[in-house]
Amino acid sequence: MNITVIGANGQIGKLLTQYLAQETEHEVTAVIRKPEQAEALEQLGAKTALADLEGTVEDLIKVVTGSDAIVFAAGSGGSTGDDKTLLIDLDGAVKCMEAAEQAGVSRFVLVSALFAYDRAKWSQEIKPYYVAKHYADRLLEASSLDYTIVRPGGLKNDPGTGSIQIAEKLSDSGSIPRADVAKVIAHLIDNKNTYRKGYDVISGDQPVEEALKGL
């Protein structure tokens, strides 16, 4: 598959790009915002393309045309305000969905947040972030795309363990290394059993490959 990773310079995006380019037979296009970000990703084995999520849908169509799958792993980051959360995590994601539909790219994986569907479980400290994730998820669910929504728990920079707990809805909260989130995405991207579904995922005791086979 030719996989386009939106937000490839982000923490999950970069790990995913590296995993796909070095551990699989997929071809990867890493979508970045700044030209100076290209060299490091190209050294990982990816092609790069420039796009601004605050730009137009038409510009995004040019970037994703010819892809077999799109992964939206972009985020505004914790150092920006609520305005950027709205523009990137919500509107940026929706623009990419629109671009995918118009470009005829049916497979779309979205990185969301644990319990984004349940307002009662949202952290008050980052409530606007959850609002953005909640409505991006809902608009993807209403689209024509063969989507999978990945809702990781608290993100950690620890080395990946390779073991997870995953379900359409988990009862317990938890955390997960970003490296394991990347591995989950890489292994479910061509798994048709995950189409038009969303999953909570945290660290657990089941190897990623085994856990995904049971979905």
Side-chain angles (χ1 to χ4, degrees), residues 5-17 31-34 37 51-55 60 70-98 108-143 145 147-161 163-186 188 194 197-204 208:
V5 179
I6 310 287
N9 197 59
Q11 294 184 80
I12 291 175
K14 189 173 289 184
L15 289 164
L16 175 62
T17 297
V31 179
I32 52 179
R33 189 166 57 90
K34 300 177 181 178
Q37 297 168 344
D52 186 350
L53 291 175
E54 294 184 53
L60 291 167
I70 296 167
V71 178
F72 186 91
S76 57
S79 61
T80 60
D82 296 344
D83 57 338
K84 288 295 183 183
T85 301
L86 183 66
L87 292 172
I88 302 300
D89 297 76
L90 177 52
D91 195 44
V94 175
K95 285 178 184 175
C96 289
M97 297 171 204
E98 293 174 4
F108 196 102
V109 178
L110 177 67
V111 180
S112 182
L114 186 67
F115 304 139
Y117 51 82
D118 186 351
R119 292 184 179 93
K121 294 183 178 180
W122 293 356
S123 166
Q124 293 300 310
E125 289 79 9
I126 54 171
K127 196 169 184 178
Y129 171 79
Y130 275 97
V131 170
K133 294 298 187 184
H134 176 82
Y135 285 101
D137 292 0
R138 286 179 61 171
L139 286 163
L140 182 55
E141 289 166 346
S143 76
L145 299 169
Y147 67 83
T148 303
I149 300 169
V150 178
R151 300 184 294 257
L155 295 169
K156 299 162 63 176
N157 287 325
D158 299 347
T161 67
S163 296
I164 60 169
Q165 181 181 357
I166 188 168
E168 292 190 48
K169 291 189 177 181
L170 291 175
S171 57
D172 298 325
S173 61
S175 59
I176 185 170
R178 287 178 170 87
D180 285 336
V181 178
K183 188 172 184 180
V184 167
I185 295 169
L188 65 70
T194 69
K197 295 178 182 176
Y199 299 98
D200 295 337
V201 58
I202 58 175
S203 291
V208 169

Note, [X] side chain near [Y] side chain (heavy atom, < 4.5 Å):
X: P152; Y: V150; value: yes
X: N157; Y: Q11; value: yes
X: I6; Y: I70; value: yes
X: Y129; Y: S123; value: no
X: I149; Y: E141; value: yes
X: V111; Y: I185; value: yes
X: L87; Y: L53; value: no
X: R33; Y: N9; value: no

[X] versus [Y], closest heavy-atom pair with distance:
X: S112; Y: D137; value: OG-OD2, 2.7 Å
X: T85; Y: P128; value: CG2-O, 3.9 Å
X: S171; Y: K121; value: O-NZ, 3.8 Å
X: K133; Y: A116; value: CB-CB, 4.2 Å
X: I88; Y: F72; value: O-CZ, 3.6 Å
X: A93; Y: L110; value: CB-CD1, 4.2 Å

Between [atom1] on residue [X] and [atom2] on residue [Y], distance to nearest 0.5 Å:
X: Y130; Y: E125; atom1: OH; atom2: CD; answer: 10.0 Å
X: L90; Y: Y135; atom1: CG; atom2: OH; answer: 10.0 Å
X: L170; Y: Y199; atom1: CG; atom2: OH; answer: 12.0 Å

Note to self: Once salt bridge (Lys or Arg N to Asp or Glu O under 4.0 Å) is applied, do any residues pair with K95, and if so which ones, sequence neighbours excluded?
What the structure shows: D91
Next item on the list: For D118, check salt bridge (Lys or Arg N to Asp or Glu O under 4.0 Å) against everything at least two apart and list the hits.
Entry: none
Notebook entry, point to check: So W122 and H134, would you call those rings parallel, tilted or perpendicular, with 30° and 60° as cut-offs?
Noted result: perpendicular
Note to self: Looking at S175, is its backbone amide N or carbonyl O close enough to the side chain of S203 to form a donor-acceptor pair, meaning the two atoms are under 3.5 Å apart?
What the structure shows: yes
Notebook entry, point to check: With distance as the sole test, does T148 use its side chain to make a donor-acceptor pair with the main-chain N or O of T194 at under 3.5 Å?
Noted result: yes
Note to self: For I202, run the side-chain contact (heavy atoms from CB on, under 4.5 Å) check against L114, I166, D180 and tell me which one passes.
What the structure shows: L114
Checklist line | salt bridge (charged side-chain N to carboxylate O under 4.0 Å, His left out) contacts touching residues 164-179 (sequence neighbours left out) | finding: none
Check: Can a salt bridge be assigned to the pair R151 and D200 using a cut-off of 4.0 Å between side-chain N and carboxylate O?
Finding: yes
Notebook entry, point to check: When you look at I164 and V184, which way does the side chain to side chain contact (heavy atoms under 4.5 Å, CB included) test go after all the steps?
Noted result: CA-CA 9 Å; I164 60 169; V184 167; 3.8 Å; yes
